Amino acid sequence: MTNRIAVVTGGLSGIGKATVLELAKNGNTVIIFDIQDDKAPKVLDQTKNFEGNVYYRHCNLFDTQEINEYFEFVEKEFGKLDLAFNNAGFGILGKPFGEVTEEEIDKLLAINVKSYMICMLNEIKLMKKNKFGRIVNTASGAGILASKDGALYSACKHAVVGLTKSVALDYARENITVNAIAPGTIETELISPMKKTNPEEFKAWSDANPVGRLGKPFEIARVVSFLFDEESEFINGTVIPVDSGYVAGK
C-alpha cells in the first residue's frame, strides 16, 4: 500500500498521530484534519523525511460546512481519496446517566457520531468516483460492552459500530470496505504522564489488561494500516478489538 491519498481526523496526537506516521512511512499522502494547531509543526517535522507527504488543515469537526469544504479541497488538490481514518472524538468523566446534561449529549453525539457520518458521506462520494476505498472508524470496547456510568459514551460508540456495519454492506460490491477498531486503554500523550502524577491509577489501568500493560499508539496504527491494504478487501463490516484480549474476557 503506497501512493494512496488518505485523510486522518484527529491526526495530531495519540492513535491518529501514530497512524499518520505509519501511512507516511509507507509512502502515502496524508491530510490531517484536526484543531490542535500548536501540535502541527512537530508532527509535520517528524514526517518530513518520510516517503509520503503530510498536510495539515485546521478542521472543526463540529462544523458540517467546514468538513464539506475540506473534502472539496482534497478532491480539488489531489483528485481522489483512497483511505480514511475517522478517529477524532472524546468522552466525558463517567457518571450515572441521570446526571448527564443535554449539552453533554449534544456535544458527544456531534463529535463521536455526527462528524463520522458527515465525513463518511464525503469519503464515500469520492471513493465511488475512484472505484476504490478503505474506511476505518474508531469505535471502542464501550461500543461492544456496556459499563456502569458510561451510558452516553457507550451509546455513541455503539452507534459507530452500527454505522460501520451497515455502510459496509451498502458498498461491499463497489470495492469500498468499512471497518472499525476498538482500542483498549492506550498510552497516549494524555495518559503517559500519569505514571508520575497518579501511579496507582496508571497501574490499575495496566493491570486491567490481560497482557498487564497499556497499549501503544503504533499497535493500533498497524491494524488500521492492515485494514487499508488493497488485499484486505474480504475484511468488511468488522469491529476489531485491539486490547490484548480485554473484551474477549468479558
Side-chain angles (χ1 to χ4, degrees), residues 1-12 15-35 40 43-44 47 50-61 63-89 111 113-139 160 163-164 166-181 220-221 223-233 235-238:
M1 183 191 64
T2 58
N3 299 318
R4 294 293 189 181
I5 306 299
V7 164
V8 177
T9 69
L12 292 178
I15 294 168
K17 174 184 172 182
T19 302
V20 169
L21 298 178
E22 183 74 14
L23 292 172
K25 280 191 293 185
N26 290 333
N28 301 285
T29 295
V30 187
I31 305 96
I32 301 170
F33 290 178
D34 208 316
I35 59 171
V43 174
L44 296 178
T47 63
F50 292 166
E51 292 184 25
N53 296 312
V54 178
Y55 303 87
Y56 169 63
R57 290 293 179 270
H58 179 106
C59 182
N60 178 9
L61 294 173
D63 188 330
T64 295
Q65 182 177 345
E66 195 163 318
I67 294 172
N68 292 338
E69 287 174 354
Y70 277 118
F71 276 102
E72 289 174 4
F73 158 79
V74 171
E75 182 176 25
K76 182 178 179 180
E77 189 73 18
F78 304 100
K80 64 173 184 173
L81 177 67
D82 302 299
L83 317 171
F85 184 30
N86 300 309
N87 167 71
I111 191 64
V113 182
K114 184 180 178 180
S115 75
Y116 280 50
M117 290 180 171
I118 301 301
C119 284
M120 289 176 70
L121 287 173
N122 283 280
E123 292 156 5
I124 289 164
K125 177 183 175 181
L126 293 178
M127 290 173 177
K128 285 184 68 176
K129 289 183 179 180
N130 194 35
K131 297 182 181 180
F132 174 86
R134 299 285 182 265
I135 297 173
V136 178
N137 296 321
T138 296
V160 171
L163 176 67
T164 298
S166 293
V167 178
L169 296 176
D170 288 343
Y171 299 97
R173 298 200 176 191
E174 298 190 46
N175 202 21
I176 298 171
T177 66
V178 187
N179 293 288
I181 54 165
I220 311 299
V223 178
V224 176
S225 182
F226 169 72
L227 292 171
F228 279 161
D229 196 277
E230 294 178 20
E231 296 181 353
S232 295
E233 181 182 6
I235 305 172
N236 192 34
T238 63

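This chain uses plain numbering: 1 for the first residue, then up along the sequence. Just so you know, these numbers use all the heavy atoms, side chains as well, and skip hydrogens, waters and symmetry mates. Quick caveat, the model's predicted, so the values are computed rather than measured.
Rounding to the nearest 0.5 Å places NZ of Lys17 at 9.0 Å from CG of Leu12.
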Legend entry - Full working for side chain to side chain contact (heavy atoms under 4.5 Å, CB included) between Ile135 and Cys119: CA-CA 10 Å; Ile135 297 173; Cys119 284; over 6 Å; no
Legend entry - Step-by-step side chain to side chain contact (heavy atoms under 4.5 Å, CB included) determination, Phe85 to Leu227: CA-CA 10 Å; Phe85 184 30; Leu227 292 171; over 6 Å; no
Inset, instruction - Just do the side chain to side chain contact (heavy atoms under 4.5 Å, CB included) check on Ile5 and Leu126 with the steps written out, would you? - result: CA-CA 11 Å; Ile5 306 299; Leu126 293 178; over 6 Å; no
Inset, instruction - Assess whether side chain to side chain contact (heavy atoms under 4.5 Å, CB included) is satisfied between Thr9 and Tyr116, documenting all intermediate values. - result: CA-CA 9 Å; Thr9 69; Tyr116 280 50; 5.7 Å; no
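With a 4.5 Å cut-off on side-chain heavy atoms, Asn122 and Val74 do not count as touching. Here the side chains of Thr177 and Phe228 are not in contact, with every heavy-atom distance at 4.5 Å or above. Taking the side chain as every heavy atom from C-beta outward, Glu75 and Lys129 approach each other to under 4.5 Å. Annotation: side chain of Thr19 is not in contact with side chain of Ser225 (no heavy-atom distance under 4.5 Å).
Residues that satisfy the side chain to side chain donor-acceptor pair (under 3.5 Å) test with Asp34, not counting sequence neighbours, are Gln36. Residues passing the salt bridge (Lys or Arg N to Asp or Glu O under 4.0 Å) test with Glu22, sequence neighbours excluded: Lys25, Arg222.
Separation of the Phe78 and Tyr55 ring centroids falls under the 6.0 Å cut-off.
Between Phe33 and Tyr70, the angle of the ring planes lies from 30° to 60°, which puts this pair in the tilted group.
Between Thr138 and Asn87, the side chains place a donor N or O and an acceptor N or O closer than 3.5 Å (distance only, hydrogens not considered).
Screening Glu233, Arg4, Met127 for a side chain to side chain contact (heavy atoms under 4.5 Å, CB included) involving Arg134 leaves a single residue, Glu233.
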